[in-house]
Amino acid sequence: MEFKKEQIEYLAELSKLHVDTDKVEELHKQLKSILEYIGQLTALDDLPATAKFDDPVKTVNVWRDDIIKPLSEEDRRAILDSAPDKQEDLIRTKPVFKNGK
Amino acid sequence: MENNLKNLTIVKARELLASHKITAAELTQYYLHEINNRDKDLNSYISYNENALDEARIVDDKMASSDSVDFLEGIPVAIKDVIITRGIQTTAGSQILLNYIPPYNSTVMQKLRNKGAIVLGKTNCDEFAMGSSNENSSYGLVHNPHDLERVPGGSSGGSAAAVAADLCVYAIGTDTGGSIRQPASFCGVVGLKPTYGRVSRYGLIAMASSFDQAGPITKTVEDSAIVLQALAGEDNKDSTSSSNIVPNYVLEMKKDITGMKVAIPKQFFNEGLSSEVGDRIKEQIEILRKQGVTVDEVDLPILDQALAIYYIIMPAEVSANLAKFDGIRFGNTAPAEELWDVYKQTRGRNFGEEVKRRILIGTYVLSAGYYDAYYKKALKVQKVMKYELSKLWQNYDAILGPTTPTTAFKIGELTIDPLTMYLSDIYTVVANIVGSPAISIPIGKDSKGLPIGLQLMGDAFAESKILQLAWHIENFRN
């Protein structure tokens, strides 16, 4: 599985991460060497069988019902105040679509 | 007064407080003064708790009207900046959280507060705890107190440096692949990563949720046991926290070690290990044998896969966990006309290089076409490793080896090549992959005068056993 430079642009788009064009070359070199290293696992094909439940630290999902708890005015204020852009008691964002589209 | 305050442990500080030889306010004042005088050479703190002295006076009043002094009461602590502290800036070492003042406390912080601990400030770390040298902090690098031209390790580099330089009594760090133990080893202090689920993760800014744990960085093994005692336990805010009973670690730790069994994996003494580090570890093995501990070499080839497993599962979780930093609800934001651009620019401008690399790698190993080959395979090999180690725990109380392949390296020495930097975690990631507890303790110095760390790893929830061996090693040495 060769890792190509063009894939960086695609990964950056998927992860909503702007990457400067002049950084792509170096980034490609670094990611390629990391992927080559971790690729050693893909070559392992004679793994011993393990039973379903012999995990010593149990990984089970713990679910509970949603509970609505009242929030103090102080906490509500603090949470709102954390937002960089506000309009009255609402957090404001930029439009999802361009004007007129 | 000042002379007898140098290198105070929790045990000693509590004695002084309980016998009224010193007040919490005096102790806090002493550390604030030391930080002010000496931290400019180290940069171990990012921010300070402006209310520390007032809080210490309140604790003094409470202690004056009470018969007993609790273990951490009135004792100054430093908190790694990935741990959420209500009302105190929490940056995770990132520009994306510049000026972020959390509206709530992590459970770790709340437990320390309830015990009357005095928070001095927030310690420097690699951005979002991603790094092994503290050079990835956007608030400047941290210098190793043993040699200012060298790194303190990472990612809890500020916490370890602050303890080693005596700029706090103890510190709290977090460990996802070695971030408590590796800097503790580089700085010559004790660092303990608890079992996954032993300490609540509520309010730790998540890096890899299935590996992260908070734990103590201290001057002695006993201090680590005391802090773990205070932090451990079930928390309804973290569904992965365990309801297992928390033992009395300090009592358990001092029990006789005769007859205990320790395994030494061949794989931990590979060609990457510096001979000086290896020799010092072997000396300790002989001392343990003389104390009646059985030490056997074991062959665990699966350990050679540890770093590859780690660098697949961890970035996968990173790419999901860091999606929440979008510049909308909190933290830094970048100007742009459209929402998608706000996300991209905010993240592109405010995340550092290592964070970007891990997000991209994580996105890659989770994406269609690569998921089975990388992520799913890593989970399978992780399971095999857990299975192999669970067989080992039937015969052994602990795995012993070096914490790191080398002692502290020079600032800038490994920054060009991220993969070589990752190799400094090769012995520590195993504990995170299988969820085990592990401790690093200092066992002396190399010919350059740099500290060497020994690591002990145990079965899940067997903190008592590794503390027991660690405490005895520490005390045979002294």
Side-chain angles (χ1 to χ4, degrees), chain A residues 1 3 7-8 10-20 23 26-27 30-31 33-42 44-45 47-52 54-64 74-85 91-99, chain B residues 100-101 103-104 195-197 210 239-240 305 307-309 311-312 319 323 326-333 336-345 347-349 351 356-357 359-361 363-365 367 370 373-374 377-378 380-381 383-384 386-387 389-390 393 418-419 422 434-435 459-460:
Chain A
M1 282 180 284
F3 182 67
Q7 284 173 283
I8 290 184
Y10 175 65
L11 293 172
E13 180 60 35
L14 275 180
S15 47
K16 297 290 170 276
L17 186 66
H18 174 78
V19 174
D20 288 328
K23 288 273 164 69
E26 193 193 355
L27 205 49
Q30 292 170 336
L31 297 192
S33 81
I34 296 166
L35 288 170
E36 269 167 22
Y37 181 83
I38 62 178
Q40 65 172 273
L41 283 193
T42 60
L44 286 181
D45 43 19
L47 290 175
T50 51
K52 208 171 174 182
D54 50 38
D55 196 338
V57 181
K58 273 194 187 154
T59 41
V60 287
N61 283 320
V62 180
W63 302 101
R64 66 156 171 79
E74 188 196 355
D75 285 346
R76 199 179 70 91
R77 208 63 263 164
I79 292 166
L80 274 171
D81 286 347
S82 300
D85 195 6
I91 294 170
R92 191 162 70 177
T93 70
K94 294 292 178 186
V96 180
F97 302 107
K98 279 179 192 157
N99 282 340
Chain B
Y100 173 60
I101 312 283
Y104 71 106
T195 306
Y196 183 75
S210 75
S239 67
T240 61
Q305 309 303 331
L307 203 63
I309 300 173
Y311 274 96
I312 293 173
S319 70
D326 56 9
I328 305 293
R329 292 153 302 150
F330 51 83
N332 228 336
T333 191
E337 287 312 307
E338 283 174 60
L339 188 62
W340 289 123
D341 261 348
V342 174
Y343 295 162
K344 285 180 201 167
Q345 294 298 334
R347 294 158 63 78
R349 287 186 195 188
F351 284 148
K356 286 181 189 169
R357 281 192 286 271
I359 290 174
L360 293 172
I361 294 272
T363 306
Y364 180 79
V365 299
S367 59
Y370 302 101
Y374 288 97
K377 191 63 169 272
K380 276 186 192 164
V381 188
K383 193 156 193 182
V384 173
K386 284 184 178 184
Y387 176 66
L389 286 176
S390 70
W393 301 131
L419 185 60
Y422 295 171
V434 302
D459 193 5

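Just so it is clear: chains get the letters A, B, ... in the order the sequence lines come, proteins before strands, and each one is counted from 1. Excluded from the calculations below are hydrogen atoms, water molecules and symmetry mates; all remaining heavy atoms, backbone and side chain alike, are included.
At a 4.5 Å heavy-atom cutoff, Leu389(B) makes no contact with chain A through either its backbone or its side chain. Within the 4.5 angstrom heavy-atom criterion, no atom of Tyr104(B) approaches chain A. For chain B, the nearby parts of Leu35(A) are the backbone and the side chain; heavy atoms of each come within less than 4.5 Å. For a residue to count as touching a neighbouring chain, one of its non-hydrogen atoms must lie under 4.5 Å from one of that chain's; by this rule Leu27(A) touches chain B with the side chain only. Contact annotation for Ala323(B): neither backbone nor side-chain heavy atoms come within less than 4.5 Å of a heavy atom of chain A. With a threshold of 4.5 angstrom between heavy atoms, Leu41(A) approaches chain B through its backbone and through its side chain. Heavy atoms of Glu26(A) lying under 4.5 Å from chain B are absent altogether. Interface residue Tyr343(B): backbone and side-chain heavy atoms are both found under 4.5 Å from chain A.
Contacts with chain B were tallied for Glu13(A), Lys23(A), Gln30(A), Gln7(A); Gln30(A) has the most, counting heavy-atom pairs under 4.5 Å. Between chain B and the residues Val96(A), Thr93(A), Ile91(A), Leu31(A), the largest count of heavy-atom pairs under 4.5 Å involves Leu31(A). Ranked by heavy-atom pairs under 4.5 Å with chain B, the list Val19(A), Leu44(A), Leu14(A) is led by Leu44(A). Counting heavy-atom pairs closer than 4.5 Å to chain A, the top residue among Ala336(B), Ser367(B), Ser210(B) is Ala336(B). Chosen from Leu17(A), Asp85(A), Ile8(A), the residue pairing most often with chain B at heavy-atom distances under 4.5 Å is Leu17(A).
Between the OG atom of Ser15(A) and the CD1 atom of Ile359(B) there is a distance of 6.5 Å, given to the nearest 0.5 Å. Distance check, rounded to the nearest 0.5 Å: OH of Tyr422(B) to OH of Tyr37(A) gives 12.0 Å. Distance check, rounded to the nearest 0.5 Å: CD1 of Ile361(B) to CG of Leu11(A) gives 8.5 Å. Taking CD of Gln40(A) as the start and CD of Gln305(B) as the end, the distance is 4.5 Å to the nearest 0.5 Å. Rounded to the nearest 0.5 angstrom, Tyr10(A) OH and Leu360(B) CG are separated by 13.0 Å. Atom OG1 in Thr363(B) sits 10.0 Å away from atom NZ in Lys16(A) (nearest 0.5 Å).
Closest heavy-atom contact between Ile38(A) and Ala308(B): CG2-O, 3.8 Å. The two residues Gln345(B) and His18(A) have their closest heavy-atom pair at NE2-ND1, 3.8 Å. Nearest heavy atoms, Pro103(B) versus Ala78(A): CB-CB, 3.5 Å.
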